[in-house]
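Atoms considered below: every heavy atom in the structure, side chains included; atoms not considered: hydrogens, waters and symmetry mates. The model shown is predicted, which means the values in this text are computed figures rather than measured ones.
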Amino acid sequence: MTPINWLTAISICFLPIGSCMPTGNADFPSKVSFPASGDEKQINGTGRFYRLSFEEKDIPSDFSYSDSDSSMMLSAEWIEVTGKVDGNMLNIHVEPNLTGKPRSITLEISGGLVFPTVKIEQSK
């Protein structure tokens, strides 16, 4: 077998594995917008996740996990994100914006080989 045929054979063997894995943002939206009045929205993706965090490390946040029902919660001053470990659906609750300025935060979703990010924006 020539080197090119060898590489082709290897890539064909791994093609079915790679084609089943989520790519890019794992179908999670790259941005979710909220009105100043606050709201709750649900987002879905194809990738499963096991940890949530905010990209902005200077914003105090809290992550918790419950063994009893495999639920996760990530919260900061004006936002709360909940979901189930190994799930693909997240609930985002945003408090009313009384600051007079638009605000945003970036949600990082950790799950296997894909790490989607979702920018969450709220108008003033």
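We find the CZ-CG distance between F49 and D86 to be 9.0 Å, quoted to the nearest 0.5 Å. I120 contributes atom CD1, which lies 12.5 Å from atom NZ of K31 (distance to the nearest 0.5 angstrom). How far CE of M72 is from CG of L90: 6.5 Å, rounded to the nearest 0.5 Å. In this structure, T82 OG1 and L52 CG are separated by 9.0 Å, a value rounded to the nearest 0.5 Å.
The list of salt bridge (charged side-chain N to carboxylate O under 4.0 Å, His left out) pairs with a residue in residues 33-45, not counting sequence neighbours, is empty. For residues 67-77, the set of pairs meeting the side chain to side chain donor-acceptor pair (under 3.5 Å) definition, not counting sequence neighbours, comprises S66-S68, S66-D69, D69-S71. A side chain to side chain donor-acceptor pair (under 3.5 Å) check over residues 110-123, counting only residues at least two apart or in different chains, returns the pairs R103-Q122.
Judged as a side-chain hydrogen bond (donor to acceptor under 3.5 Å, both in side chains), and not counting sequence neighbours, the contacts of N97 are T99. A search for side-chain hydrogen bond (donor to acceptor under 3.5 Å, both in side chains) contacts involving N44 returns nothing, not counting sequence neighbours. Listed by chain and number, the residues in a side-chain hydrogen bond (donor to acceptor under 3.5 Å, both in side chains) with S30 amount to none (sequence neighbours excluded). The salt bridge (Lys or Arg N to Asp or Glu O under 4.0 Å) search around E108 returns K57, not counting sequence neighbours. E56 meets the side-chain hydrogen bond (donor to acceptor under 3.5 Å, both in side chains) test with T106; sequence neighbours excluded. In this view, S61 and F54, L74, A76 satisfy the side-chain contact (heavy atoms from CB on, under 4.5 Å) rule, not counting sequence neighbours.
Cluster membership for F115 and F63, using ILVMFWY side-chain heavy atoms within less than 4.5 angstrom, is shared. Follow the hydrophobic side-chain contacts under 4.5 Å out from I59 and you reach V81 in the same cluster. Linking ILVMFWY side-chain heavy atoms closer than 4.5 Å, directly or via other members, places Y65 and L107 in a single hydrophobic cluster. Residues I79 and M73 do not share a hydrophobic cluster, defined by chaining ILVMFWY side chains whose heavy atoms lie under 4.5 Å apart.
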Next on the checklist: Apply side-chain contact (heavy atoms from CB on, under 4.5 Å) to residues W78 and F34 and explain how you reach the verdict.
Outcome noted: CA-CA 12 Å; W78 56 276; F34 288 87; over 6 Å; no
